[in-house]
Amino acid sequence: MTDDDQSQPLGTDYSPDNRPESPKRPLKIAKLSEEAEAGANRTMGQNPRTIQRTVVGVLQNAFHKFIGQPVSIFCSSRTDAGVHALSNVCHVDVERISKRKPSEVLPPHEPSVVKKAVNHFLQKHEGDITIIDVRCVAADFHARYKAQERTYFYRILSGPEHLSTFEKGRAWHVPEELDLPAMQKACKVLVGLHDFSSFRASGCQAKSPIRNLDELNVIEVFPSPYFPSAKEREIQNSACSESEGQSCNFNKNKVEWSVGEASLGFGMRRRHRCFVVTARARSFLYHQVRLLVGAIKSVGTGDFTVSDVERILEAKTVTANGPMAPACGLYLAHVKYDLP
């Protein structure tokens with residue numbers, strides 16, 4: 001691991017191609033983190049003008065306070081500023097030293113103790129990063145190089161209404177209507193083993209543009225946060241009243257939600273249509289997911305056809321592609337490992 005991984009703000013759909021020789025390390029702790037934005041441009045440290053606030057930096061600071069000594073933390077993926085993570089994985093090498101006898105090495109803390117203590121320090125600093133799981137792993141474990149699979153989600157909100165304050169920075173707002181069947185056809189073109197040079201940003205450091213895209217699909221889901229309309233509440237209440245005292249089965253009486261209503265009333269907001277693109281692979285090229293989503297969205301708006309996507313893929317140059325999707329809608333969803 002190079003010094004880049006400690007100093008560069010998290011932010012790329014990055015694919016490791018060279019693994020430098022790892023030094024011998026003490027017992028290691030893997031952490032599933034963070035339900036948070038992964039790269040805000042806030043600052044910390046003695047010189048806020050030059051030091052950016054990163055996920056790695058915040059975690060290292062919290063661990064330093066917990067164990068009383070500096071540590072190096074390595075994450076499974078480095079994500080662009082503005083990208084989010086539902087479950088990123090990091091590892092840290094921790095050697096627990098006795099305070100009374102500095103030469104004595106103590107057994108490692110229990111994972112539950114680590115989780116509680118580190119979260120305590122994280123919550124003192126804006127609380128936008130949370131440790132959700134901790135476990136001890138073998139000394140040769142590496143969060144980045146041992147990852148077998150990474151899954152990303154991308155949220156798109158479609159509709160002419162301006163985004164709600166609660167959704168800003170959490171999704172890509174597309175004012176146009178999106179053609180879901182056309183987008184799904186475009187996804188099928190891109191799944192599989194391909195040369196993804198057309199979906200690789202110019203700053204990519206990977207030696208090869210060949211990647212195996214195991215999954216790429218788009219579905220429509222409930223917009224979130226979701227609150228029932230007056231009509232939906234009326235239907236559900238009516239259905240429960242008809243059950244005559246029995247427990248109300250909401251699945252049986254499920255109400256189809258709608259993007260807009262004929263008469264919303266003063267102060268009521270029309271809902272956007274919400275689409276989620278899922279991309280799954282062992283590794284991704286620099287900005288690959290965002291370039292894939294950009295092309296899929298262009299098919300949805302009619303700017304591209306499915307044939308255009310085939311042509312872009314075959315062109316093997318990013319200049320043949322369209323605009324890249326913004327960082328705000330991208331979420332690192334899951335990282336898979338072969339753990340006992």
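In this structure a side-chain-to-backbone donor-acceptor pair under 3.5 Å is missing from Thr317 to Ala320. Between the side chain of His84 and the backbone N or O of Cys328, at least one donor-acceptor pair lies under 3.5 Å. No side-chain donor-acceptor contact under 3.5 Å links His109 to the backbone of Arg96. The backbone N or O of Ala143 lies less than 3.5 Å from a partner atom in the side chain of His91, making a donor-acceptor pair. A donor-acceptor distance shorter than 3.5 angstrom exists from the side chain of Arg290 to the backbone of Ala325, with no hydrogens or angles considered. Panel note: side chain Tyr331, backbone Arg170; a donor-acceptor pair is recorded below 3.5 Å. Checking side-chain atoms of Asn237 against main-chain N and O of Arg233 turns up a donor-acceptor pair under 3.5 Å. Using modelled atom types, one side-chain atom of Gln60 and one backbone atom of Ile73 make a donor-acceptor pair closer than 3.5 Å. Of the possible polar contacts, none joining the Ser87 side chain to the His334 backbone as a donor-acceptor pair under 3.5 Å is found. Side-chain N or O atoms of His272 include none that pairs as donor or acceptor with a backbone N or O of Cys274 at under 3.5 Å.
In this structure the side chain of Val137 reaches within 4.5 angstrom of the side chain of Leu339, judged on heavy atoms. Phe196 places a side-chain heavy atom less than 4.5 Å from the side chain of Leu292. Using a 4.5 Å heavy-atom threshold, the side chains of Val218 and Val276 count as separate. Between Ile97 and Glu95 the shortest side-chain heavy-atom distance falls below 4.5 Å. Inter-residue side-chain proximity for Val174 and Lys297 is flagged as met; some heavy-atom pair is nearer than 4.5 Å. Residues Val221 and Ile219 form a side-chain contact, since some pair of their non-hydrogen atoms from C-beta on lies under 4.5 Å apart. Between Leu291 and Val293, the closest side-chain pair of non-hydrogen atoms is not below 4.5 Å. At a threshold of 4.5 Å between non-hydrogen side-chain atoms, the residues Val114 and Phe63 count as touching.
Residues Arg150 and Ser77 have side chains that bring a donor and an acceptor to within less than 3.5 angstrom of each other. Side chains of Asn88 and Ser76: a donor on one and an acceptor on the other come within 3.5 Å.
The nearest pair of heavy atoms linking Asp214 to Ala281 is OD2-CA, 3.6 Å. The two residues Ile129 and Gln123 have their closest heavy-atom pair at O-NE2, 3.7 Å. Minimum interatomic distance between Lys115 and Ile132 (heavy atoms only, all atoms of both residues): NZ-O, 3.4 Å. The heavy-atom pair separating Ala62 from Val118 by the smallest distance is CB-CG1, 3.9 Å. Contact between Leu313 and Val189 at its shortest, heavy atoms only, is CD2-O, 4.0 Å. Considering every non-hydrogen atom in both Ala182 and Val306, the closest pair reads O-CG2, 3.9 Å.
The distance from atom CD of Gln288 to atom OG of Ser198, rounded to the nearest 0.5 Å, is 11.0 Å. Going from atom NZ of Lys168 over to atom NE2 of His162 covers 8.5 Å, rounded to the nearest 0.5 Å. Taking CZ from Arg271 and CD from Glu161, the interatomic distance works out to 12.5 Å, rounded to the nearest 0.5 Å. Note: Met183 CE to Leu216 CG = 11.0 Å, rounded to the nearest 0.5 Å. With values rounded to the nearest 0.5 angstrom, His194 atom NE2 is found 13.5 Å from Arg211 atom CZ. In this structure, Ser164 OG and Leu157 CG are separated by 9.5 Å, a value rounded to the nearest 0.5 Å.
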Using side-chain contact (heavy atoms from CB on, under 4.5 Å), reason through Leu122 and Ile131 one step at a time and then give a plain yes or no. CA-CA 9 Å; Leu122 290 174; Ile131 304 299; 3.8 Å; yes
Step by step, work out the side-chain contact (heavy atoms from CB on, under 4.5 Å) result for Val299 and Asp179. CA-CA 8 Å; Val299 172; Asp179 184 341; over 6 Å; no
Assess the residue pair Phe141 and Tyr337 against the criterion (side-chain contact (heavy atoms from CB on, under 4.5 Å)); give the C-alpha distance rounded to whole Å, side-chain angles, the decisive distance to 0.1 Å, and a yes or no. CA-CA 10 Å; Phe141 176 86; Tyr337 298 91; 3.6 Å; yes
Taking it one step at a time, do Val277 and Asn217 satisfy side-chain contact (heavy atoms from CB on, under 4.5 Å)? CA-CA 6 Å; Val277 179; Asn217 64 58; over 6 Å; no
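Sparse packing is recorded around NZ of Lys185, with 12 or fewer heavy atoms of other residues, nucleotides or ligands lying under 6.0 Å away. Residue Glu215 qualifies as enclosed at atom CD: its count of foreign heavy atoms under 6.0 Å is above 12. More than 12 heavy atoms of other residues, nucleotides or ligands shown are found within 6.0 angstrom of CD on Glu149.
Here Phe275 and Tyr154 keep their ring centres 6.0 angstrom or further from each other. With ring centers used as reference points, Tyr152 lies under 6.0 Å from Phe284.
Both Leu190 and Leu180 are part of a single hydrophobic cluster, where members link through side-chain heavy atoms under 4.5 Å apart.
Under a 4.0 Å N-O distance rule, the pair Arg273/Glu177 qualifies as a salt bridge.
With Phe199 as reference, Asn321 is the one residue of Leu213, Leu285, Asn321 to meet the side-chain contact (heavy atoms from CB on, under 4.5 Å) rule.
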